[in-house]
Amino acid sequence: MRTATLGPAERGTALARMAERELDVLVVGGGVVGAGTALDAVTRGLSTGVVEARDWASGTSSRSSKLIHGGLRYLEMLDFALVREALKERGLLTDRIAPHLVKPVPFLYPLQHRGWERLYAGSGVALYDAMSMARGHGRGMPVHRHLSRSKALRVAPCLRKDALVGALQYYDAQMDDARYVATLVRTAASYGAHVANRARVVGFLREGGRVVGARVQDLELGGEFEVRAQQVVNATGVWTDETQAMVGERGQFHVRASKGIHLVVPRDRIHSTTGLILRTEKSVLFVIPWGRHWIVGTTDTEWDLDKANPAASSADIDYLLEHVNSVLAIPLTRDDVEGVYAGLRPLLAGESEATSKLSREHTVAHPVPGLVVVAGGKYTTYRVMAKDAVDAAVHGLDQRVGPCVTESVPLIGAEGYRALWNGRARTAASSGVHVARIEHLLNRYGGMTQEVLDLIAADPSLGEPLTGAEDYLRAEAVYAASHEGARHLDDVLTRRTRVSIETFDRGTRCAREVAELMAPVLGWDTGQVAKEVEHYEKRVEAERESQRQPDDQTADAARLGAPEIIPL
């Protein structure tokens with residue numbers, strides 16, 4: 001299997017191929033579910049295309065808690081089937097599908113009551129571990145352990161002594177959600193899928209009562225064209241209802257958006273060797289290790305404003321700080337916050353008025369011939385959602401199609417990862433790149449690390465770190481544009497890297513440097529470079545302003561002050 005390159009030329013070829021001949025399956029939406037659906041379809045031998053209106057994972061799939069987890073709290077709701085399914089997927093991802101991207105992460109659950117709480121919570125965590133190992137998936141995940149208060153404070157000295165009487169420590173997994181989706185898209189392309197971002201569906205093609213394709217607008221180069229397909233899959237997440245409305249048929253279900261915000265703070269602000277999970281009156285609060293940072297989240301509130309750029313208000317930030325500070329010996333302040341991001345969960349409407357109680361399970365429907373809709377679910381179970389969506393599409397095809405095989409299809413970069421990790425010192429010696437940098441690259445690119453090192457070998461200046469964002473090499477900005485489908489500065493600083501939330505300046509210090517690195521790959525002149533930098537700076541300022549506003553309405557209005565980038 002060849003490794004697909006998603007540069008400008010490849011994007012143009014993909015759009016041309018989609019317009020040339022009828023596809024078996026066209027997927028609308030480039031989040032984790034859409035990308036997963038494209039991979040599922042193409043690995044069954046179906047001619048497949050996937051289009052995304054903005055950037056890969058630019059919506060919900062880049063703004064999650066970055067956890068791959070079974071959903072420990074769903075055990076308390078007695079939703080054993082959902083937990084069992086998610087734990088199986090967690091095991092597949094860490095063991096086989098993406099070991100270079102999905103890693104175990106420890107969490108400490110402080111106990112606040114003696115006796116009964118340890119028995120109650122301990123039984124739940126023990127069941128969680130047992131369900132994980134029951135089918136042989138996740139055996140590499142460490143099992144939980146009980147800790148006394150003194151031992152808990154040794155692993156998490158950040159906690160107030162009066163905040164716990166003991167603790168449980170258990171493991172889940174985490175990943176960079178946007179990077180995972182970009183890798184998923186490239187894997188689908190490697191198997192022959194035609195993939196194009198910045199390509200917006202503006203309507204569906206109909207013949208009688210059947211959907212037979214979509215009208216697609218190229219937002220980069222202009223123009224509109226038709227993509228014909230035997231089956232179209234709507235995998236647009238929180239935009240499901242809007243996409244469905246283009247068909248002119250009432251949907252069988254509705255999707256509501258629940259906003260969750262996260263704070264990013266430097267690692268030295270919270271002294272702990274483990275993540276934390278805390279109960280709140282509405283849900284749970286995570287403090288998640290994230291490289292040289294912590295992610296603190298999340299909230300869970302209904303959102304009916306701009307879906308493209310949900311805004312975090314001052315009240316949201318205060319809520320998280322108040323709850324995490326209730327257990328910290330040294331409280332966090334606003335000055336400790338490097339980054340803030342807000343995302344929307346697509347929840348199936350109809351079970352309850354409270355979004356925190358809406359179903360996280362997914363639904364697949366065939367509302368009209370030729371159109372499949374998949375919605376709901378959670379990031380961890382994207383592969384199951386994709387399988388169900390393609391199963392539904394297959395029913396409408398006049399051909400025999402094989403079963404889903406993605407359970408045994410590793411993502412690009414996974415093959416050979418562990419061997420490369422073991423040989424990282426040798427790679428460092430031969431490349432002249434420090435072993436710590438090699439480790440960083442392996443955990444982002446896996447077996448594709450050599451492609452990044454080849455760029456450095458051709459131009460040693462690319463082996464230097466970005467100014468003000470020293471965790472990333474200059475080569476990574478070039479690689480994002482040449483290989484990973486990044487079309488704009490925002491794509492690189494926000495999704496291919498996480499500079500926008502991992503630095504106090506939110507990436508403005510290195511913005512021009514990154515734009516100039518991307519320019520030769522994307523054919524930008526000095527005018528487009530300046531435009532990209534100006535747009536990014538305006539976006540950062542609009543986000544900062546929104547985070548000073550007291551409520552959702554004023555925060556949304558402030559965030560809308562920065563329009564979407566439009567190419568020259």
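Below, all heavy atoms of this structure are taken into account, side chains as well, without hydrogens, waters or symmetry copies.
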Beyond-backbone contact of Ser150 with Leu153, side-chain heavy atoms, under 4.5 angstrom: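 A side-chain contact under 4.5 Å is absent here.
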
Heavy-atom check, side chain of His262 versus side chain of Ser65, under 4.5 Å: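 Yes, at least one pair of side-chain atoms sits under 4.5 Å.
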
Donor-acceptor pair, side chain of Ser313 and main chain of Gln547, under 3.5 angstrom: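 Such a contact is absent between Ser313 side chain and Gln547 backbone.
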
Asn325 side-chain N/O to Leu328 backbone N/O, donor-acceptor pair under 3.5 Å: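 Here the side-chain-to-backbone pair does not exist.
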
Hey, are [X] and [Y] close enough for a salt bridge, meaning a charged N less than 4.0 Å from a carboxylate O?
X	Y	answer
Asp471	Arg498	no
Glu476	Arg496	no
Asp316	Lys259	yes
Arg506	Glu338	no
Asp172	Arg90	yes
Asp268	Arg292	no
Arg559	Asp552	no

Is it true that the side chains of [X] and [Y] contain a donor and an acceptor less than 3.5 Å apart?
X	Y	result
His144	Gln169	no
Tyr417	Asn443	yes
Trp290	Glu502	yes
Ser62	Arg495	no

Should the heavy atoms of other residues, nucleotides or ligands under 6.0 Å from [atom1] of [X] be counted, would the total exceed 12?
X	atom1	value
Arg334	CZ	yes
Glu415	CD	no
Leu127	CG	yes

Find the distance between [atom1] ([X]) and [atom2] ([Y]) and round it off to the nearest 0.5 Å.
X	Y	atom1	atom2	value
Leu420	Arg426	CG	CZ	9.0 Å
Leu285	Ser326	CG	OG	8.0 Å
Ile501	Glu543	CD1	CD	10.5 Å
Arg145	Leu108	CZ	CG	8.5 Å
Gln174	Ile295	CD	CD1	7.0 Å
Ser408	Arg96	OG	CZ	6.5 Å

Stepwise side chain to side chain contact (heavy atoms under 4.5 Å, CB included) test for Leu111 and Leu164: CA-CA 5 Å; Leu111 301 172; Leu164 71 165; 5.9 Å; no

Side chain to side chain donor-acceptor pair (under 3.5 Å) assessment of Thr494 paired with Arg539: CA-CA 11 Å; Thr494 306; Arg539 197 212 85 171; 2.7 Å; yes

Closest approach of [X] to [Y] (non-hydrogen atoms, all atoms of both residues):
X	Y	value
Ser258	Leu347	CB-CD1, 3.5 Å
Ser272	Pro157	CA-CD, 4.3 Å
Leu348	His362	CD1-C, 4.1 Å
Thr187	Pro410	CG2-O, 4.1 Å
Thr333	Leu321	C-CD1, 4.3 Å
Leu411	Ala98	CD1-CB, 4.2 Å

Ring centres under 6.0 angstrom apart ([X], [Y]):
X	Y	value
Tyr479	Tyr445	yes
Phe107	Tyr171	no
Tyr382	Tyr180	yes

Step-by-step salt bridge (Lys or Arg N to Asp or Glu O under 4.0 Å) determination, Asp177 to Lys66: CA-CA 6 Å; Asp177 48 8; Lys66 290 130 182 54; 3.1 Å; yes

Set of residues satisfying side chain to side chain contact (heavy atoms under 4.5 Å, CB included) with respect to Ala189, sequence neighbours excluded: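 If we apply the side chain to side chain contact (heavy atoms under 4.5 Å, CB included) test to Ala189, skipping adjacent residues, the hits are Ala4, Leu6, Val195.
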
Side chain to side chain contact (heavy atoms under 4.5 Å, CB included) involving Thr273 - partner list, sequence neighbours excluded: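 Here the qualifying residues are Val155.
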
Charged tip of Arg424 within 45° of Trp421 ring normal and under 6.0 Å: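 Yes.
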
Geometric cation-pi criterion Arg269 and Trp294, 6.0 Å radius, 45° cone: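 Output no; distance or angle outside limits.
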
